[in-house]
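In what follows, a single structure is set out as structure tokens and then discussed.
Everything quoted here is computed from the prediction, not taken from an experiment. Residue numbers count from 1 along this sequence.
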Amino acid sequence: MAEEAEQEKATKRILLLINCVMLAIGGSGGPLILRLYFLHGGHRVWLSSFLETAGFPIVLVPLIILYIRRKRTTTITATTKASIVSIKPPLIIAFAVIGVLTGLDNYLSAYGVARLPVSTSALIIASQLAFTAVFAFLLVKQKFKAYTVNAVVLLTLGAGVLALHTSGDRPVGESKKQYVMGFVVTLFAAALYGFVLPLVELAYKKTEQFMTYSLVLEIQFVMCTFATLLNIVGMITNHDFKVISREAKQFGLGEANYYVVLVGIAILWQAFFLGAIGVIYCASSLLSGIIIAVMLPVTEALAVVLYKETFKAEKGVSLILSVWGFAYYFYGEYKQTKNLKRNLTLETGELPQAHTIIPKDQ
């Protein structure tokens, strides 16, 4: 029993680390490569939003591996056969709705990236953390501790500092009306995704199914399928399929690189969504939001290197505040876990058998 608990704890630590890395890479690389598409002649917003979830068939690879492993284990330990699909209809319906919301959010964020510099869109998206904190409190009764509040404040301040350099960064040839629309739409995207993250956690908690990582992957598959279907409808309505080949020939980096960029968008954004839903499973929606927020200044720095955007003092201050907030959060969780372990040892004389690095508030 103790060995199983330790093995489960170690597995969850590894899963948390893997999903944090995927979320960080996707959260930073996704907006950058999407902006690359628009900078070199891409104009199709519905196409770019479609690509954000179109990479969902990648999920089939780990699902097949987990099914084979589950089948072998079931054959040895029981007479019942391992089911290919474990997700039940209520979860399918719930995540179909969440998938549609995600597809809408993809369109809103892609519209913002098309209209705004990376530094500006990253600034606005940073407000997603505040929306996540509010909705996590309302939907899943997330308990706010002092270090959690401090981390949120520091990360929000880090993003807010970036507002000091936003004046005068309107792209050449873009009207003021288009620029303002980009601001407003991106803010709506931040608010909507700040709502989606706790909504996913709420669905996890309300389900009567036992949550496993295999089930999480199936949920990701369902969610991205419906998000992609919504964007396909938008592409058909906007006649995007008819102009892809023409846009590829006129792409600034060449026709072959056009398709490379499209594939890159799909892969990086799939890493983002898979990482986000995985972190929620291993920890909480708030931690997922914090990782997204802490990567925004990193995105800013990469934009400076890759797209020659100016790096003013405000961006340096923002980076310091964001890293500080992220470190504050993890240190607080470490202290809480350590105190919990000591208290349980004093009360029972035994070490607690199951706790995670980032314990989820129930």
Side-chain angles (χ1 to χ4, degrees), residues 16-40 48-49 51-53 55 58 102 105-106 108-110 112-114 116-129 132 151 154-156 158-162 165 169 186 189-190 193-194 196-197 260-280 283 285-312 314-327 329-330:
L16 179 59
L17 178 60
I18 292 172
N19 283 284
C20 284
V21 171
M22 286 195 298
L23 179 57
I25 293 174
S28 184
L32 286 169
I33 195 169
L34 192 59
R35 183 61 181 166
L36 181 69
Y37 164 77
F38 288 112
L39 283 175
H40 291 279
S48 58
S49 62
L51 290 170
E52 291 185 27
T53 52
I58 296 173
T102 301
D105 182 74
N106 289 346
L108 296 176
S109 63
V113 172
L116 305 173
V118 174
S119 57
T120 305
S121 61
L123 156 69
I124 303 170
I125 290 172
S127 62
Q128 169 261 326
L129 177 62
T132 300
L154 285 169
L155 288 164
T156 305
V161 167
L162 297 177
H165 80 279
D169 66 345
T186 306
Y193 201 65
V196 166
L197 288 177
V260 171
V261 169
L262 296 191
V263 172
I265 292 172
I267 292 174
L268 284 172
W269 278 103
Q270 190 58 213
F272 170 81
F273 285 113
L274 189 56
I277 203 170
V279 170
I280 295 173
S285 58
L286 183 59
L287 177 59
S288 185
I290 285 176
I291 294 173
I292 294 170
V294 82
M295 291 308 298
L296 294 174
V298 177
T299 305
E300 294 266 350
L302 290 173
V304 172
V305 175
L306 299 175
Y307 302 143
K308 309 304 180 184
E309 294 187 7
T310 57
F311 190 89
K312 297 183 179 180
E314 294 85 356
K315 292 183 180 180
V317 173
S318 174
L319 181 61
I320 292 171
L321 288 172
S322 296
V323 173
W324 184 12
F326 192 59
Y329 180 84
F330 269 99

Over all heavy atoms of both residues, which pair between [X] and [Y] is shortest? Give the atoms and the distance, please.
| X | Y | value |
| --- | --- | --- |
| A189 | S109 | CB-N, 3.7 Å |
| T53 | Q270 | O-NE2, 3.6 Å |
| L16 | A283 | CD1-CB, 4.2 Å |
| A110 | E52 | CB-OE2, 3.8 Å |

Verify side chain to side chain contact (heavy atoms under 4.5 Å, CB included) between I277 and F273, making sure each step is shown before the conclusion. CA-CA 6 Å; I277 203 170; F273 285 113; over 6 Å; no
Tell me whether the rings of W269 and F272 are parallel (<30°), tilted (30 to 60°) or perpendicular (>60°).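 It falls in the perpendicular class, over 60°.
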Mind checking side chain to side chain contact (heavy atoms under 4.5 Å, CB included) for S288 and listing every partner two or more places apart, or none if nothing turns up?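 If we apply the side chain to side chain contact (heavy atoms under 4.5 Å, CB included) test to S288, skipping adjacent residues, the hits are L23, L197, A276, V279, I280, I292.
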Just so I know, are the side chains of V113 and Y37 near enough to count as touching, which here means a heavy-atom distance under 4.5 Å? no
When you measure from the side chain of Y307 to the backbone N and O of L32, does any donor-acceptor pair fall under 3.5 Å?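 Yes; at least one donor-acceptor contact below 3.5 Å.
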Kindly indicate, with the supporting measurements, whether the criterion side chain to side chain contact (heavy atoms under 4.5 Å, CB included) is fulfilled by T186 and L116. CA-CA 9 Å; T186 306; L116 305 173; 3.7 Å; yes
Residue pairs passing the side chain to side chain donor-acceptor pair (under 3.5 Å) test where at least one lies in residues 18-30, sequence neighbours excluded: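 Every side chain to side chain donor-acceptor pair (under 3.5 Å) pair that includes a residue of residues 18-30, provided the two are not neighbours, is N19-Y213, S28-T299.
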Any chance you could measure Y193, atom OH, to T132, atom OG1, to the nearest 0.5 Å?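 Y193 OH to T132 OG1: 8.5 Å, rounded to 0.5 Å.
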Could you state the interatomic distance from OG (S48) to CD1 (I265), rounded to the nearest 0.5 Å?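 Rounded to the nearest 0.5 Å, the OG-CD1 separation comes out at 6.5 Å.
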